[in-house]
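Below, all heavy atoms of this structure are taken into account, side chains as well, without hydrogens, waters or symmetry copies. We name chains A, B, ... by the order of the sequence lines, and we start the count at 1 in each one.
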Amino acid sequence: MDYKDLANLIFPDAKEISYYEEKYPERNLPEGAVVTRFAPSPTGFVHIGGLYQALVARTIAQKTGGVFFLRVEDTDQKREVENGVTGIVNSLKDFDMAPDEGMISDTEEIGNYGPYKQSLRRDIYQAYAKYLIEQGKAYPCFCTVEEGEEIRQKQESAKIRPGYYGVWAKCRNLTVEEAIQKIKNGENYIIRFKSPGREDKKIKHKDIIKGNVDFPENDQDIVIIKADGLPTYHFAHAVDDHLMRTTHVIRADEWLSSVPLHLQLFQELGFKAPKYAHISPIMKNDNGGKRKLSKRKDPEAAVSYYKEQGIPYEAVKEYLLNIANSTFENWRRANPDKKMEEFDFQLNKMSVSGALFDMVKLLDIGKTIISKMTAEEVYERSYEWAKEYDLDLEDLLKDKSYALKVFGIERGNKKPRKDISKWSEVKENIEYMYDNKFFEKSQNYSYPEAISNKEDISKILKLYIEKYYDENDDKQTWFDKIKALSVEMGYAGEVKEFKANPDKYKAHVGDVSTVIRIALTGRTNTPDMYEIMKVLGKETVISRLEKAIK
RNA sequence: GGCCCCGUGGUCAAGCGGUUAAGACACCGCCCUUUCACGGCGGAGUCAUGGGUUCGAUUCCCGUCGGGGUCACCA
């Protein structure tokens with residue numbers, strides 16, 4: 001009896017691997033095209049770090065005319081969540097990052113290299129496991145989980161390197177006959193890889209991001225097929241990325257230390273190994289220390305958070321791209337109107353250490369992006385957001401033509417207004433432009449200290465309505481009138497004049513217009529008041545000012 | 001603990017043997033015919049540390065310290 005008999009006993013129905021090799025041929029792609037993938041567990045949850053990886057993978061594939069696909073790693077049933085795949089697909093879509101190929105929902109997929117869901121690839125993994133067993137490169141292991149723990153405890157107390165290797169790998173040296181007998185006796189088993197490596201030897205690995213990294217060889221006989229018949233991550237990675245013809249594996253750097261194992265697996269399987277790019281995680285300051293953004297502790301770890309907050313997806317992508325290649329920022333400055341896809345992204349220029357997440361910077365990018373949108377775009381986007389997350393705002397926005405006028409204030413010119421960084425700020429930003437919201441709030445404004453005299457305030461407002469305000473004035477005339485009003489009331493018509501002779505005046509034109517601004521909007525900081533008055537219209541302007549006169 | 005990676009201003013970072021050590025966000029001041037936002041100008045602030053190598057080290061080597069990762073029938 002030989003390995004072949006053993007292999008046949010374990011996987012009697014498995015196909016020859018040549019079947020799969022032919023079924024999934026080399027991809028016919030242009031020279032230099034890169035094939036990448038995003039391979040999450042179907043938890044439905046996408047971590048910002050996952051999005052980061054996917055963005056990098058997709059960008060590099062797109063840039064080279066390659067393929068970016070979505071594979072679902074569901075070999076651990078405990079992680080499975082209902083509709084998890086759809087959740088992930090939708091998150092990717094929210095960021096305009098749909099894959100070229102792979103899963104498109106929990107049950108559907110596109111592309112010729114599937115199935116793209118690992119639990120559906122059981123036969124494939126078993127074929128390759130069988131192939132390894134036939135060659136004596138893998139073997140059945142009858143050790144129970146408890147035995148495994150015992151071994152580890154012994155190793156730990158003896159301060160020996162833990163794991164299933166060397167003398168600790170009991171089942172490694174079972175003869176074929178012994179193994180067959182045990183199987184026939186009905187003993188449970190799993191399949192382990194028979195590592196040819198030696199811990200005292202080094203292997204060289206050149207990572208695209210991390211550079212040259214030398215490791216001891218792997219000598220662990222890791223599990224490749226679990227008791228449930230599904231593969232472990234390591235084995236599935238080797239088989240899938242080979243068969244799906246992945247050229248570049250872009251993944252989190254927590255995988256870096258398993259590169260020796262993976263290289264060995266590719267080698268023993270007779271596969272050409274892909275190139276690896278291990279990405280540093282996105283971190284967060286946690287009293288003194290740094291740690292990865294945590295799903296449990298940090299809401300901003302979830303990609304859904306950005307959607308809920310109404311942060312434009314482009315801002316998130318640009319921010320992430322900037323962490324990936326800091327030269328992006330300079331490029332963006334030089335090319336403010338180009339699409340981010342035109343940026344010449346370099347995988348090997350990525351930072352080797354993890355960046356601290358900077359929400360302030362993200363929001364700044366959001367502000368810039370929104371400032372470049374037309375009023376129409378701002379309207380559509382904030383309305384879409386409001387429908388899902390803020391019914392009150394949705395209500396305000398129902399009158400589209402008015403909303404467009406409001407969003408049009410100081411927008412569309414060379415120096416557009418930059419005051420909205422996310423859609424959740426819109427309401428706060430525009431609500432005073434609506435009478436129902438405006439009058440909801442208390443009318444007890446605090447006027448500037450410079451003009452605390454109540455009588456003066458009322459006089460200013462009264463005079464303005466009666467003598468100066470004319471809705472048909474152009475901007476210059478409008479402002480000249482406020483100056484004239486100031487002078488008439490004993491205030492300086494020019495700020496400079498006031499600063500030169502502070503004793504000559506009660507205050508200056510700026511203070512006078514602040515009075516009007518507050519009466520009109522209820523706040524000290526607003527966009528251009530002339531435009532606001534235009535949008536509000538004569539009737540509203542006068543009614544608000546009159547209400548403010550005591 | 002073993003193995004591996006990393007350490008330039010508050011943050012992201014360029015630079016990789018000789019630089020006044022870029023730039024962005026944040027911060028401060030001034031200017032921009034009224035506020036705020038924008039924009040302009042200016043400012044403060046950094047090469048973890050100790051040894052080497054070198055005419056010269058932020059750049060190269062070693063140690064220390066600090067941070068991170070990994071050591072599952074989880075991915």
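Rounded to an integer number of Å, the gap from A:K414 NZ to B:G40 P is 15 Å. Protein atom CZ of A:R291 is 16 Å distant from nucleotide atom C1' of B:G69, rounded to whole Å. Atom CG of A:L321 is separated from atom C1' of B:C25 by 17 Å (rounded to the nearest Å). Going from atom CZ of A:R517 over to atom P of B:U34 covers 10 Å, rounded to whole Å. One can place CZ of A:F328 at 19 Å from C1' of B:A22, the figure rounded to the nearest angstrom. To the nearest angstrom, P of B:A72 lies 5 Å from CZ of A:R152. Between the CD1 atom of A:I209 and the P atom of B:G69 there is a distance of 17 Å, given to the nearest Å. The distance between atom CD1 of A:I369 and atom C1' of B:C38, rounded to the nearest whole Å, is 16 Å.
Looking at heavy-atom distances under 4.0 Å, A:D214 makes contact with sugar-phosphate atoms alone, never a base. Within 4.0 Å of A:R332, counting heavy atoms only, lies no atom of the nucleic acid at all. Within 4.0 Å of A:W478, counting heavy atoms only, lies at least one base atom of the nucleic acid. Among the atoms of the strands shown, none is found under 4.0 Å from any heavy atom of A:V512. Within the 4.0 angstrom heavy-atom criterion, no nucleotide atom of any strand lies near A:S486. Among the atoms of the strands shown, base atoms are found under 4.0 Å from some heavy atom of A:K483. In this structure, A:T526 reaches the bases: a heavy-atom distance under 4.0 Å links it to at least one base atom across the strands shown. Using a 4.0 Å heavy-atom distance criterion, A:K284 is classed as making no nucleic acid contact. A:F215 comes within 4.0 angstrom of sugar-phosphate atoms only, judged by non-hydrogen atoms across all strands, and of no base. A:D480 comes within contact range of no nucleotide atom at all, as no heavy-atom separation falls under 4.0 Å.
Aromatic ring centres of A:H237 and A:Y276: separated by under 6.0 Å. Here A:Y432 and A:F438 keep their ring centres 6.0 angstrom or further from each other. Outside the 6.0 Å centre-distance limit, the rings of A:Y505 and A:Y491 are not counted as a close aromatic pair. Outside the 6.0 Å centre-distance limit, the rings of A:F235 and A:H262 are not counted as a close aromatic pair.
Looking at A:R192, its side chain has no donor and acceptor atom pair within 3.5 Å of the base of B:C73. Evaluation of atom-type donor-acceptor distances gives no pair under 3.5 Å for the side chain of A:S257 against the base of B:U70. Evaluation of atom-type donor-acceptor distances gives no pair under 3.5 Å for the side chain of A:R417 against the base of B:C38.
Between A:P281 and A:Y530, the one whose closest nucleotide on RNA chain B sits nearer the 5' end is A:Y530. Between A:P416 and A:C141, the residue anchored nearer the 5' end of RNA chain B, judged by the nucleotide with its closest heavy atom, is A:P416.
Nucleotide B:A14 forms no Watson-Crick or G-U wobble pair with any nucleotide shown, as no partner meets the under 3.5 Å limit on both distances. Pairing for B:C41 is with B:G29, a Watson-Crick or G-U wobble pair whose two hydrogen-bonding atom distances lie under 3.5 Å. Nucleotide B:G1: paired with B:C71 (Watson-Crick or G-U wobble, both distances less than 3.5 Å).
Cation-pi check for A:K182 over A:F142 is met; the charged atom lies under 6.0 angstrom from the ring centroid and within 45 degrees of its normal. Geometric assessment of A:K295 against the ring of A:F45 yields a positive cation-pi assignment under the 6.0 Å and 45° thresholds. Annotation: cation-pi pair A:R122/A:Y125 absent, no NZ/CZ under 6.0 Å from the ring centroid and within 45° of its normal. Cation-pi contact between A:R71 and A:F38: absent, since separation from the ring centre below 6.0 Å together with deviation from the ring axis within 45° is not met.
Closest to the side chain of A:D364, out of B:A26, B:G23, B:U35, is B:A26. Nearest to the side-chain atoms of A:Q476 among the listed nucleotides B:C71, B:U33, B:C73 stands B:U33. Comparing B:A75, B:U34, B:G23 against the side chain of A:M529 picks out B:U34 as the nearest. Listed candidates were B:A75, B:A22, B:U34. Nearest to the side chain of A:N330 is B:A22. With B:A75, B:U34, B:C36 as the choices, the nucleotide that has an atom nearest any side-chain atom of A:K475 turns out to be B:U34. Side-chain proximity of A:S513 to B:C36, B:A24, B:U34: nearest is B:U34. The A:V213 side chain lies nearest to B:C4 when the options are B:G68, B:C4, B:U34.
Using a 4.5 Å cut-off on side-chain heavy atoms (C-beta onward), A:L70 and A:R37 make no contact.
Taking the C1' atom of each, B:C27 and B:G17 are spaced 34 Å apart, rounded to whole Å. Comparing the same atom, P, in B:A26 and in B:G39 gives a spacing of 9 Å after rounding to whole Å. For B:C38 and B:U59, the P atoms lie 38 Å apart once the distance is rounded to whole Å. Taking atom C1' on both nucleotides, B:A48 is separated from B:U58 by 12 Å, rounded to a whole Å. The same atom, C1', is picked in B:G50 and in B:A14; the two are 27 Å apart, to the nearest Å. Distance noted for atom C1' between B:G15 and B:G9: 15 Å (whole Å).
Between the side chain of A:N335 and the backbone N or O of A:K338, no donor-acceptor pair lies under 3.5 Å.
Contact annotation: A:K226 reaches the phosphate of B:C74 (side-chain N/O to OP1 or OP2, under 4.0 Å). Side-chain nitrogen and oxygen atoms of A:R161 include none within less than 4.0 Å of the OP1 or OP2 phosphate oxygen of B:C3. Phosphate contact (OP1/OP2 of B:C36, side-chain N/O of A:K415, threshold under 4.0 Å): absent.
A donor-acceptor pair shorter than 3.5 Å can be found between the side chains of A:Y139 and A:D221.
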*Sugar-phosphate or base contact per nucleotide [nucleotides 7-16 of chain B; S, B, -; heavy atom under 4.0 Å]*: ----SSSS--
